[in-house]
Every structure is written in C-alpha cells, then in structure tokens.
Participant: 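Before we start, here is the structure in question, set down as structure tokens.
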Amino acid sequence: LAVAPVAGASLPTATWRALHVDGALLVVDKGAGLLTVPGIGEAKADCLLSRLADAGHPEVGHAAHRLDRDTSGVLALGRTPAAHRSLCVQFQERR
C-alpha cells in the first residue's frame, strides 16, 4: 500500500468502480485508501465524491453513508435529491 502524501488523505492509487447505475442510484465499489467524502483542507479534497464528479457524475454531491478511508466496500449513492433522502431515511431506520 502506497503512503498518502498527507496523513489521512486519499491515496493516488486508490480506485473505485461502478457496480450499478440507474436514474436514481449509483452503486460503487470503493477501494481501500480512498476517502468517501472530502476531509478538512485542500490536501483531503480528493475523495470518492470528487472522483465521481470528475468521471461524469456531478449529481452525486452527498453520501447517505460512508466507509472509512482504509475500508473497502460497496456504497449506495442517490443521484437525485429524492433518492438521497430515501437512502438517508433507510440508513437512519436501519432498513
């Protein structure tokens, strides 16, 4: 595993891949070493959400849940405000 340039920052070699895309949802497999959301400061701006925007998914501006930087796994992200709200409620209610 490569060393991040700043402690806690995303690793440049960290990857993600889309597992499912439809009008409401984007489901991704996030690799270890990648922040889900931006951290504090410019050095921690690189994250899954910023990489999704760079890859043509700017509509995914928020995550209803997250995985820690060093954790790999699947994330479900809403592509519309209604889908995002629905995911937030489902996670809050543990459904």
Participant: Less than 4.5 Å apart, any side-chain heavy atom of Cys88 and any of His65?
Facilitator: no
Participant: I'd like to know if Val60 and Leu48 are part of one continuous hydrophobic network [Ile/Leu/Val/Met/Phe/Trp/Tyr, side-chain heavy atoms within less than 4.5 Å].
Facilitator: yes
Participant: Locate the shortest heavy-atom distance separating Ala32 from Ser72; write the atom from each residue and the value.
Facilitator: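 Answer, listing the atom of Ala32 first, then Ser72: N-CB, 3.6 Å.
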Participant: Indicate yes or no: at least one non-hydrogen side-chain atom of Asp46 is less than 4.5 angstrom from one of Leu35.
Facilitator: no
Participant: Less than 4.5 Å apart, any side-chain heavy atom of Val28 and any of Arg17?
Facilitator: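 Counting from C-beta outward, Val28 and Arg17 never come under 4.5 Å.
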Participant: Do you know the tightest heavy-atom contact between Ala43 and Val6?
Facilitator: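 Where Ala43 meets Val6 most closely, the heavy atoms are CB-CG2, 3.6 Å.
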Participant: Do Val89 and Arg95 make a side-chain contact, defined as non-hydrogen atoms from C-beta onward lying under 4.5 Å apart?
Facilitator: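 A side-chain contact exists here, since the closest heavy-atom pair is under 4.5 Å.
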Participant: Does Lys30 use its side chain to pair, donor to acceptor, with the backbone of Thr71 at less than 3.5 Å?
Facilitator: yes
Participant: How long is the gap from OG on Ser10 to NZ on Lys44, to the nearest 0.5 Å?
Facilitator: 10.0 Å
Participant: Above 12 or not: heavy atoms from other molecules or residues under 6.0 Å from CD of Gln92?
Facilitator: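 Count not over threshold, so no.
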Participant: Do side-chain atoms of His20 reach the backbone of Leu26 as a donor and acceptor pair under 3.5 angstrom?
Facilitator: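 Such a contact is absent between His20 side chain and Leu26 backbone.
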Participant: Check the angle between the aromatic planes of His62 and His84 and answer parallel, tilted or perpendicular using the 30° and 60° thresholds.
Facilitator: tilted
Participant: So Trp16 and Leu75, do their side chains get closer than 4.5 Å, heavy atoms only?
Facilitator: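 Heavy-atom side-chain distance check fails, nothing below 4.5 Å.
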Participant: Do Leu77 and Val27 make a side-chain contact, defined as non-hydrogen atoms from C-beta onward lying under 4.5 Å apart?
Facilitator: no
Participant: Compare every heavy atom of Ser50 with every heavy atom of Ala45, then report the nearest pair and how far apart it is.
Facilitator: O-OG, 3.4 Å
Participant: Determine yes or no for a side-chain-to-main-chain donor-acceptor pair under 3.5 angstrom, with Asp22 supplying the side chain and Leu25 the backbone.
Facilitator: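 Present.
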Participant: Identify the heavy atoms of Leu49 and Gly61 that sit nearest to each other, and give their distance.
Facilitator: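 The answer is CD1-O, 3.7 Å.
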Participant: Give a yes or no answer on whether the side chain of Thr15 reaches the backbone of Gly31 with a donor-acceptor pair at less than 3.5 Å.
Facilitator: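 Checking the backbone N and O of Gly31 against the side chain of Thr15, no donor-acceptor pair under 3.5 Å is found.
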